Amino acid sequence: MLFISLGSSGDQTLVPRIVSSLAAFEGTLLVTHPDPPSIAALRPKNSIVKSFIPIQDALKSSDLMIGNGGTATILAALTNG
């Protein structure tokens, strides 16, 4: 599973491009975005899109994360391996 979250300080306009570029990805995308239906429409297969997903829960079930590089996100990722 690939977790995509640019957080509250990340550029949310990049999320559609990231999701679209992963159209051929066969795994599940777990995505946070303020407008979930707009993102789900780009890649409905194997996608879970919500406005908020607790990062600890998402990281426990993810193999890889794409984030904005904020301190809290990096610490959470390092804590969860």
Side-chain angles (χ1 to χ4, degrees):
M1 183 178 307
L2 175 57
F3 177 42
I4 301 167
S5 177
L6 299 185
S8 60
S9 61
D11 183 353
Q12 296 299 321
T13 64
L14 296 174
V15 176
R17 290 195 310 188
I18 295 168
V19 170
S20 294
S21 70
L22 294 165
F25 180 69
E26 294 183 14
T28 300
L29 293 183
L30 180 59
V31 185
T32 61
H33 190 267
D35 183 15
S38 70
I39 301 303
L42 297 172
R43 188 182 183 277
K45 183 182 176 188
N46 295 333
S47 296
I48 300 165
V49 186
K50 299 191 179 234
S51 57
F52 176 77
I53 300 170
I55 192 166
Q56 298 295 340
D57 296 339
L59 289 171
K60 287 178 185 173
S61 60
S62 299
D63 299 302
L64 182 68
M65 179 185 178
I66 295 175
N68 69 334
T71 303
T73 303
I74 291 171
L75 289 173
L78 290 171
T79 300
N80 287 281

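Just so we're clear, the structure is a prediction, and the values are computed from it rather than from any experiment.
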Test of understanding: clusters of I, L, V, M, F, W, Y form through side-chain heavy atoms closer than 4.5 Å, transitively. Do [X] and [Y] belong to the same one?
X	Y	answer
Ile55	Leu78	no
Val19	Leu6	yes
Ile18	Leu2	yes
Phe52	Met65	no

Short question: side chain of Gln12, backbone of Gly7 - any donor-acceptor pair under 3.5 Å?
yes

Answer yes or no: is there a donor N or O on one side and an acceptor on the other, between the side chain of Arg43 and the main chain of Phe25, under 3.5 Å?
yes

Taking all atoms of both residues into account, what is the closest heavy-atom pair of [X] and [Y], and its distance?
X	Y	answer
Ser5	Thr32	OG-OG1, 2.8 Å
Pro36	Ser51	CG-N, 3.5 Å
Gly10	Asn68	N-ND2, 3.5 Å
Ala58	Leu30	CB-CD2, 3.7 Å

Does Phe3 form a side-chain contact (heavy atoms from CB on, under 4.5 Å) with Ile66? I'd like the steps, not just the answer.
CA-CA 6 Å; Phe3 177 42; Ile66 295 175; over 6 Å; no

Gap between atom [atom2] of [Y] and atom [atom1] of [X] - 0.5 Å precision:
X	Y	atom1	atom2	answer
Arg17	Leu42	CZ	CG	12.5 Å
Leu29	Met1	CG	CE	9.5 Å
Thr28	Asp63	OG1	CG	9.5 Å
Leu75	Asn80	CG	CG	11.0 Å

Does CD in Glu26 sit with more than 12 non-hydrogen atoms of other residues, nucleotides or ligands closer than 6.0 Å?
no

Can you check side-chain contact (heavy atoms from CB on, under 4.5 Å) on Leu22 and Ile4, steps first, answer last?
CA-CA 11 Å; Leu22 294 165; Ile4 301 167; 3.7 Å; yes

